[in-house]
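For reference, positions follow the sequence shown, starting with 1.
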Amino acid sequence: MKLLRNREMYISLMLMSFISCVAALCTYLFYRELVLPVLVLCALFIILHIVPSYIKYREIKKLSADIDKILHGEENINLENYNEGDLGVLQSEVHKMTVRLREQRYKLTQDKIFLADLLADISHQIRTPLTSINILVSMLADPDMTYEKREQTIHKLYGLLSRIDWLITTLLKMSKLDAGTVRFHREDVTMKELLEKACMPVRVPIELHGQELILVSDGEFSCDIAWSCEAIGNIIKNCMEHTPDGGTITVSGSCNPLYSEIIITDSGSGISEEDLPHIFERFYKGADSGEKSGFGIGLALARMIVTEQNGTVKAENGQNGGAVFTVRFYKGAV
């Protein structure tokens, strides 16, 4: 009998059989007329012990078979058909574990897909400037190239190498944020000081394009100054690239008891409706984007930085045209 292979059941059955034999022997010695009822009663107790145990171990075997099927990839297994009791509690815990494992497997699959897409995007983004660099280097090998043409070619090479350097640096920052290894250090800073630092890297390009940068600031708040300047600077840089020469970029900051808000607007053509839902996606560039749109990761990095600091960033089109970016750093849980 398969049930007797279980050591616990074997010992229990042997013990009950021994007690039954002792009881029958004692009854035979002192009350012979009660031997048969005692044997029947002992047999009944043994049966009452064996039958529930058999049912329980049969359910355990069925549960083990279901778990084995799950481990071998079968999805349509229902673990909710077990009764209450210790086995029901075990089933409930196994069901929770199964759901968690399925979620983790799905997440790992999505991560693999994301990683494959990310590597493909990075390869594409780096291949484009590298192709241009190879062409320019082959042009420099021409001994008949004039000095002026050589200077222009070298200048283009520096520009392409700077783009690749910026891409790699930005990707490293994003990977740190993804891995959760970045520790934000909050410092009290005035809104004017923060906006001045954020706009400093783009002031020269803005002047070269004949654009006007307007800063309006009020109040102070607590944030990681370096990372916040990185996020705001990326948004301003995006606005600069999509604003025509002679246009205007306005950056206004204010604070209230709930959040600190920074609104960045430009006088460009705005964001197309089909691009709005994807504007903060990594490597996303609209159908009408030109080379000046960069790699499409500046806004994605900006959103990651703001989100990690309990903030939100939203993009929309203004009533008078142009893009409007609203950044909020909340002072409490959102």
>> With heavy-atom distances below 4.5 Å as the criterion, would you say the side chains of Arg303 and Thr312 are in contact?
In response: no
>> Does the Lys NZ or Arg CZ of Lys197 fall within the cation-pi geometry relative to Trp227 - under 6.0 Å from the ring centre and within 45° of the axis?
In response: no
>> How close do Arg186 and Ser222 get, counting heavy atoms only, and between which atoms?
In response: NH1-O, 2.8 Å
>> Between Leu177 and Leu301, does the side chain to side chain contact (heavy atoms under 4.5 Å, CB included) criterion hold? Intermediate values first, please.
In response: CA-CA 9 Å; Leu177 290 170; Leu301 176 61; 3.6 Å; yes
> In a check of salt bridge (Lys or Arg N to Asp or Glu O under 4.0 Å) between Glu261 and each of Lys314, Arg328, Lys331, which one passes?
Replying inline: Arg328
>> Please give me the minimum heavy-atom distance between Val202 and Met240, naming the atom from each residue.
In response: O-SD, 4.3 Å
> So, for Phe221 and Phe329, is the gap between ring centers shorter than 6.0 Å?
Replying inline: yes
>> Tell me the closest heavy-atom pair linking Ala198 and Pro201, and the distance in Å.
In response: O-CD, 3.4 Å
> Under 4.0 Å between a Lys/Arg side-chain N and an Asp/Glu carboxylate O for Glu230 and Lys173?
Replying inline: yes
>> Between Ile214 and Val251, is there a side-chain heavy-atom distance shorter than 4.5 Å?
In response: no
>> Closer than 3.5 angstrom, by distance alone: can the side chain of Thr265 be matched with the main-chain N or O of Val324 as a donor-acceptor pair?
In response: no
> Is any side-chain heavy atom of Leu299 less than 4.5 Å from a side-chain heavy atom of Asn234?
Replying inline: no
>> Would Val313 and Thr307 count as a side chain to side chain contact (heavy atoms under 4.5 Å, CB included) here? Give the steps.
In response: CA-CA 8 Å; Val313 57; Thr307 303; 5.6 Å; no
> Is there side-chain contact between Glu220 and Met191, with at least one heavy-atom pair below 4.5 Å?
Replying inline: no
>> Quick check: closest heavy atoms across Asp224 and Phe184, and the distance to 0.1 Å?
In response: OD2-CA, 3.4 Å
> Thinking salt bridges, do Arg203 and Glu196 make one under a 4.0 Å N-O criterion?
Replying inline: yes
>> So, using salt bridge (charged side-chain N to carboxylate O under 4.0 Å, His left out) as the criterion, who are the partners of Glu207 when residues are at least two apart?
In response: none
>> Testing the basics here: between Cys223 and Val189, what is the closest heavy-atom pair and its distance to 0.1 Å?
In response: SG-CG1, 4.0 Å
>> What I'd like to find out is whether the side chain of Ser228 reaches to under 4.5 Å of the side chain of Leu194, using heavy atoms alone.
In response: yes
> Are side-chain heavy atoms of Ile279 and Ile271 found at a separation under 4.5 Å?
Replying inline: yes
> So which heavy atom on Ser267 is nearest to which on Thr248, and how close?
Replying inline: OG-N, 2.8 Å
> What side-chain hydrogen bond (donor to acceptor under 3.5 Å, both in side chains) pairs are there with at least one residue in residues 249-258, not counting sequence neighbours?
Replying inline: none
>> Pair Glu308, Val182 - check side chain to side chain contact (heavy atoms under 4.5 Å, CB included), show working.
In response: CA-CA 9 Å; Glu308 288 293 328; Val182 175; over 6 Å; no
